[in-house]
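Here the structure comes first, spelled out in structure tokens, and everything after it is commentary.
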Amino acid sequence: MTTKPSTRTATGRGLTTGTLVAGLLAVCLAQIGLAIPATLNGLFQSDLHPVGSQLTWISDAFLLPVAVLELTFGLLGDLFGRKRLLIGGASLLAAGELVSATASGIHQLWAGQALAGLGAAALFPTSLAILAAGTTSPAQRARVIAMWAALLSTGGFLAPLLGGITATYGSWRWSFVVVTAIAAASAAVSALFAVNSSAPAGRSLDVAGQLTIGLGLFSLLYAIIQGPTDGWASPSIIIAFALAAVFLAAFVLAEKRAKSPLLRLDLFRNRAFAVASVVAVVGMFAFLGTAYSVSIRLGPVQDQAPMRTALAFVLLNGITLVMLPLTERLLRTAAPGLLLGAGLLLIAAGDYWAATLPITDSAFTSLILPLGLVGLGFAITVSSITATAVNTVPVHLAGMASATTNLLRDFGFTLGPAIIGAVALSRAASNFSDSLHDSALPGALKGAGTAVLDEGGPLAVNGASTTSPKLADLHPLALDALGHGYSIGFVVCGSTALFSALLALATLRSRAASHADSTEH
């Protein structure tokens, strides 16, 4: 089915100020919603007492619908008009944050974050598509993409500041209340000032594609997140991985046969687009895996004040806004491979540096340089990925390209907490168990430590040993185990960023090569 929008379109009329403001506010809102849970992990741990993988699911309850549904929302925007999705997405996000603010337990918090993530799934691709559709020249598009990426990062550092301030002077619940107010403002701005755009020609709903990719991604993420808790060899995890493989293969087959596919697979014949897609997953996994590791290090492990976490996220995200003029110029003048490679090498360097910091070092100054390198690398990388993907496809496919790039980027974001949480906690549990067995602690205390570990994992042992004098002797063992676990997490992030950098440098050697791919496409 196709439809024709009744409202005027921005395409061909230039980008209006109202559309620009609406699109930038929408992506900033979506990123605030995405980043808020990670900054509050320490408070969730102490207030709601999640066990096992439950803490990871708070972040991924938001990220999962974003990763699963972005392609569909990109299509719906093309069909029915992007303005409607900006309004509807902001409204859904507001509703989800209200549910989260009133949560009485971990399950209601999951439900609220999932609903908010559904709204963000509409906002991420739609905000970029409505802005790209209004541009009239490559230079203007580069400028708009740089601004979009800067507002994405602005949301990333506003979220922890918001979380730190509200948690310090009120409660983590007020963080969600404030996001609700921002979402209401975004919906109002979009309704009043955004100019609609669409690209319905040749587009229709792809039910088979959406079902297969949704089930495939959910099965894969479920297996990764639950693996450390249920056991990697448990039947449920093996079945989940098998289902993921089956559904993702079915998605490829469905897209090859669909008259109007959710994702045109021939986009990946464009080398620049294909490489940007791989880097979007692997590189953004490295970035959010780093952010997640930092939030766990400062929050549940070291029990530092929420504002410390907020300042760390400012370093990770705030540099993008400061670098906006330089990023815009680089997008217009530098080879895409060089930009992507340089940004990812900086992320890798920062991660490897962070991995060397002992867990007993609670000084914030120790984190400034490594996190600054990661933040600088992210500022260059996120804009380069978006520009490389969107600029190398025809204008009428900008909606699909932006939705695909957003899906892959946010799938990488979703994998960050999932994989790093799995790797770090599995390693920490093993280290703590071995250290406890080899220690000279009394048998009764060893039994208590093992019981807490089996029930809630190493983070639960660390928290319980901090608050209970009877378990205090377990704290050094738990702290050391978690330090080793999350150091490995930083190494994994750094290694994936390094892989992505080498891939970009090897395959996107010049602007001319990228342009040739685009014209061939």
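Computed from a predicted model, the values in this text were never measured in an experiment.
Of all heavy-atom pairs spanning L482 and L425, the tightest one is CD2-CD2, 4.3 Å. For W232 against I224, the heavy-atom pair with the smallest separation is CH2-O, 3.5 Å. When all heavy atoms of A464 and L471 are compared, the pair lying nearest together is CB-CD1, 3.9 Å. Looking at every heavy atom in both residues, L48 comes nearest to G105 through CD2-CA, 4.3 Å. Between S500 and G283, the shortest heavy-atom contact is OG-N, 3.6 Å.
A donor-acceptor pair under 3.5 Å is absent between the side-chain atoms of S186 and the main chain of A183, judged by distance alone. A donor-acceptor pair under 3.5 Å links the side-chain atoms of S219 to the main chain of L215, judged by distance alone. The backbone N or O of V301 lies less than 3.5 Å from a partner atom in the side chain of N462, making a donor-acceptor pair. The closest donor-acceptor contact from the side chain of Y486 to the backbone of I420 lies at 3.5 Å or more, if one exists at all. Judged by distance alone, the side chain of S366 and the main-chain N or O of S362 form no donor-acceptor pair under 3.5 Å. In terms of modelled atom types and a separation under 3.5 Å, the side chain of T154 and the main chain of A150 share a donor-acceptor contact. At distances below 3.5 Å, at least one donor-acceptor pair connects side-chain atoms of T356 with backbone N or O atoms of W353. The backbone N or O of D480 lies less than 3.5 Å from no partner atom in the side chain of N431, so there is not a single donor-acceptor pair.
Exactly one of V27, L25, L29 qualifies for a side chain to side chain contact (heavy atoms under 4.5 Å, CB included) with L123. That residue is L29.
Between F176 and L109 there is a side-chain heavy-atom pair separated by less than 4.5 Å. Contact annotation: the side chain of I36 never approaches that of F62 to less than 4.5 Å [non-hydrogen atoms, C-beta and beyond]. Between D351 and V491, every side-chain heavy-atom pair lies at or beyond the 4.5 Å cut-off. Within the 4.5 Å cutoff, the side chain of F124 has heavy atoms near those of the L152 side chain. Residues V461 and L477 form no side-chain contact, since every pair of their non-hydrogen atoms from C-beta on lies 4.5 Å or further apart. The side-chain heavy atoms of T450 and S433, taken from C-beta on, include no pair separated by under 4.5 Å. Counting only heavy atoms from C-beta outward, the side chains of V452 and F432 never approach each other to under 4.5 Å. Looking at L367 and L298, their side chains come closer than 4.5 Å, going by heavy atoms from C-beta outward.
Counting heavy atoms of neighbouring residues, nucleotides and ligands inside a 6.0 Å radius, atom OH of Y352 exceeds 12 of them.
Residue pairs meeting the side chain to side chain donor-acceptor pair (under 3.5 Å) criterion with at least one member in residues 110-119, sequence neighbours excluded: E97-Q113, S100-Q113. Residue pairs meeting the side chain to side chain donor-acceptor pair (under 3.5 Å) criterion with at least one partner in residues 155-167, sequence neighbours excluded, are T166-S175. Residue pairs meeting the side chain to side chain donor-acceptor pair (under 3.5 Å) criterion with at least one partner in residues 291-312, sequence neighbours excluded, are N41-S295, T56-Y292, Q302-Q304, Q304-R308.
Ring geometry for Y222 versus W57: interplanar angle of 30 to 60°, hence tilted.
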